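Below, chain A is the first sequence line, B the second, and so on; all start at residue 1. Because the structure is a prediction, the values reported are computed rather than measured.
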Amino acid sequence: MTRTSVLHQSLLLTQPEEPPKGPELNLRLKEQECLTILKTCKNLEEFKKVHAHVLKWGFFWNPFCASNLVATCALSHWGSMDYACSIFRQIDEPGAFDFNTLIRGFVKEVEFEEALFLYNEMFERGVEPDNFTFPALFKACAKLQALKEGMQIHGHVFKVGFECDLFVQNSLINMYGKCEKVEFASAIFKQMDQKSVASWSAIIAAHASNGLWSECLKLFGEMNNEKCWRPEESILVSVLSACTHLGALDLGKCTHGSLIRNISALNVIVETSLIDMYVKCGCLEKGLCLFRMMADKCQLTYSVMISGLAMHGQGKEALSIFSEMLREGLEPDDVVYVGVLSACSHAGLVNEGLLCFDRMKLEYRIVPTVQHYGCVVDLMGRAGMLGEALELIQSMPIQQNDVVWRSLLSASKVHHNLEIGEIAAKNLFQINSHHPSDYVLLSNMYARAQRWYDVAKIRTEMASKGLNQSPGFSLVEVARKVYKFVSQDRSHPAWDNIYEMIHQMEWQLKFEGYSPDISQVLRDVDEDEKRERLKGHSQKLAIAFALIHLSQGSPIRIARNLRMCNDCHTYTKLISVIYEREIIVRDRKRFHRFKDGTCSCRDYW
DNA sequence: ATAGGGTTAG
């Protein structure tokens, strides 16, 4: 029997033989004992015994004693908020401490609204909040994405003068980050006198989770310059996420190294982020390797791996990992199915994909979202089932959006079906979607059908709407630096060399039977000019630059903002044979891996 | 007198 339980027995099971005589001294002593035992309670039962004793001996009227009861019951892992509240309600004039502990208790129990209600009561009863009140409240606002309430309470912070408290500031940064108000978070961060690791963690996470990837990396750099902070796991995961979205493989690798050096055991979140980073930066094998070595995988790990394989056009592998996931007894959710369906679509596994779609609805009772329909339209489109795809869109029980119609439009283009292409485009424009690339696609289809009048009509329409295809660019990493090439850009310092290389490449391409596909140039210029423009597409410039600088055998990795044109696709396939290079290009949606004259997308994208 | 902030992924 432990010392505490002996104490419990002596306190609770036996009555004191006579009422204490020197009441002051004796009562204080007993009170102190109660408090000591309170700290050692291991479950609610033990706690209730102490509570009973406190009531019995009248210690409850000591505010300090009552506060401690509420705090212990509200904050211990075995505690009960209901019970804590009932004790709280017995206190005549609860102070800030009592409200604080109860608010924190509610936040701990994920009852954020309750926490805010309690603050409201605090406010109405005229109890002034202190520096301990606010962090919990801002956490509640962050979780609820309650910007209005958060800003209101932020006002109170100024009123009671805690705007310079480090903890209050950190929780404010987090709250504004979660409410998608990064500017507000930055404003607080910038005027802080001193910062802690939590401040950096909060501001970096705020940028990462709001898609401000470059700023996130910039802040990480500043943090490293300012002091020798030991890199923290959560910060490194935010950085990894930025690398993933920017396609920054080098920095991603460094972050991996930093994780291995600084964190003793990588958890599921970290390992999943690493897999995602490698796969989305073009290193599928490295991602697969980490995936295979992982001991504990969760649903998200599978999700990341499946959509990663989908992006690389490895449909069969994606499906086999999906069945592995089901064998492990993990329940697939709607996002996993987006990965599975897009894997089927990118790999041309039409029947498998349609089967998966049925199984998702019937067996797993997942209500298809627009993204699912987009994948299935893609899938049918690839197989040339354009009529069926159109029917599917028209029979969708949910609101059609631009994604599904755009899928149909691209499929019509691949299969040269102008009739359905026109329907898709008409619907796109009707729902007020006016992407320049959609106009370009339709115009290309008219051009192929030699319907010049319609081509002109579209061009006029684009001009009248002020639509311009935003300039395409390609990024390529050479010696740890990322170089950006914009189409037709001749401002690069090594332009002469690049142009010379382009010239050489074209000369060799001619022997392989390449002729420029000038239909891809939608400008009112003569054929020579069209050929010139085609030559200056950013991807070709990037490849030329990489061929000059990267050693033989190392793959060329390119990330681009737009999808590539047919000509660049054909061109790159041939370059991969002639120069015996693997060229990996990431566009908005997926990877193209050019090797030995073929592309992993099998000419459908 | 009692306590507190950042927890990251598709």
Sugar-phosphate only, base, or nothing, as touched by [X] at under 4.0 Å among non-hydrogen atoms:
X: Leu166(A); answer: base
X: Lys39(A); answer: nothing
X: Val270(A); answer: nothing
X: Asp276(A); answer: sugar-phosphate
X: Val335(A); answer: base

Query - Residue pairs, two or more places apart or on separate chains, that pass side-chain hydrogen bond (donor to acceptor under 3.5 Å, both in side chains) and touch residues 352-362 of chain A - result: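 The answer is Arg359(A)-Glu363(A).
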
May I have the distance from [X] (atom [atom1]) to [N] (atom [atom2]), rounded to whole angstrom?
X: Asn100(A); N: dA1(B); atom1: CG; atom2: P; value: 17 Å
X: Leu274(A); N: dG10(B); atom1: CG; atom2: P; value: 12 Å
X: Leu102(A); N: dA3(B); atom1: CG; atom2: C1'; value: 13 Å
X: Ile366(A); N: dG10(B); atom1: CD1; atom2: C1'; value: 14 Å
X: Tyr278(A); N: dA9(B); atom1: OH; atom2: P; value: 18 Å
X: Leu212(A); N: dT8(B); atom1: CG; atom2: P; value: 17 Å
X: Leu266(A); N: dT7(B); atom1: CG; atom2: P; value: 20 Å
X: Asp296(A); N: dA9(B); atom1: CG; atom2: C1'; value: 16 Å

Query raised in the report: When you look for runs of 3 or more Watson-Crick or G-U pairs in a row, both distances below 3.5 Å, which of them include DNA chain B?
Result: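 None - DNA chain B has no stem of 3 or more consecutive pairs.
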
Using the side-chain heavy atoms of [X], tell me which of these nucleotides is nearest: [options].
X: Asn174(A); options: dG5(B), dT7(B), dG10(B); value: dT7(B)
X: Ile269(A); options: dA9(B), dG10(B), dA1(B); value: dA9(B)
X: Ser67(A); options: dA9(B), dA3(B), dT2(B); value: dT2(B)
X: Lys178(A); options: dT7(B), dT8(B), dG10(B); value: dT7(B)
X: Asn170(A); options: dG5(B), dA9(B), dT2(B); value: dG5(B)

Query raised in the report: Would you say Tyr364(A) has more than 12 foreign heavy atoms packed within less than 6.0 Å of its OH?
Result: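 Count over threshold, so yes.
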
Query raised in the report: Is it true that atom CD of Glu183(A) has more than 12 heavy atoms of other residues, nucleotides or ligands lying nearer than 6.0 Å?
Result: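 Yes, the 6.0 Å shell around CD holds more than 12 heavy atoms from other groups.
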
Requested in this report: Answer yes or no as to whether dA3(B) has its base stacked against Phe97(A), where stacking requires a ring-centre separation under 5.5 angstrom and planes under 30 degrees apart.
Outcome: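 No; by the centre-distance and plane-angle rule, Phe97(A) does not count as stacking on dA3(B).
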
Query raised in the report: Any donor-acceptor pair under 3.5 Å joining the side chain of Asp165(A) to the base of dG4(B)?
Result: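 Under the 3.5 Å cut-off, the side chain and the base do form a donor-acceptor pair.
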
Report task. Answer with yes or no whether Ser171(A) presents, from its side chain, a donor or acceptor under 3.5 Å of a partner atom in the base of dG4(B). Result ->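 Between dG4(B) and Ser171(A), which were checked side chain against base, a qualifying N/O pair under 3.5 Å is absent.
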
Query raised in the report: Is there a donor-acceptor contact under 3.5 Å linking the side chains of Asn174(A) and Ser171(A)?
Result: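 There is no such pair (donor and acceptor under 3.5 Å, judged by atom type) between the side chains of Asn174(A) and Ser171(A).
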
Query raised in the report: Does the side chain of Asn170(A) pick up a donor-acceptor pair with the side chain of Ser196(A) at under 3.5 Å?
Result: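 Judged by distance alone, the side chains do pair up.
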
Requested in this report: Let me know which of Val404(A), Val367(A), Asp334(A) forms a side-chain contact (heavy atoms from CB on, under 4.5 Å) with His372(A).
Outcome: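 Among Val404(A), Val367(A), Asp334(A), the one meeting side-chain contact (heavy atoms from CB on, under 4.5 Å) with His372(A) is Asp334(A).
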
Requested in this report: Please determine if a side-chain N or O atom of His207(A) lies less than 4.0 Å away from the OP1 or OP2 oxygen of dT8(B).
Outcome: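 Looking at the OP1 and OP2 atoms of dT8(B), neither is under 4.0 Å from any side-chain N or O of His207(A).
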
Query raised in the report: By salt bridge (charged side-chain N to carboxylate O under 4.0 Å, His left out), which residues pair with Arg406(A), not counting sequence neighbours?
Result: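 Counting only residues at least two positions away or on another chain, Arg406(A) forms a salt bridge (charged side-chain N to carboxylate O under 4.0 Å, His left out) with Asp402(A), Asp438(A).
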
Query raised in the report: Which pair of non-hydrogen atoms, one from Cys243(A) and one from Met277(A), has the smallest distance, and what is that distance?
Result: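 Scanning both residues completely, I find the closest heavy atoms to be CB-CG, 4.2 Å.
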
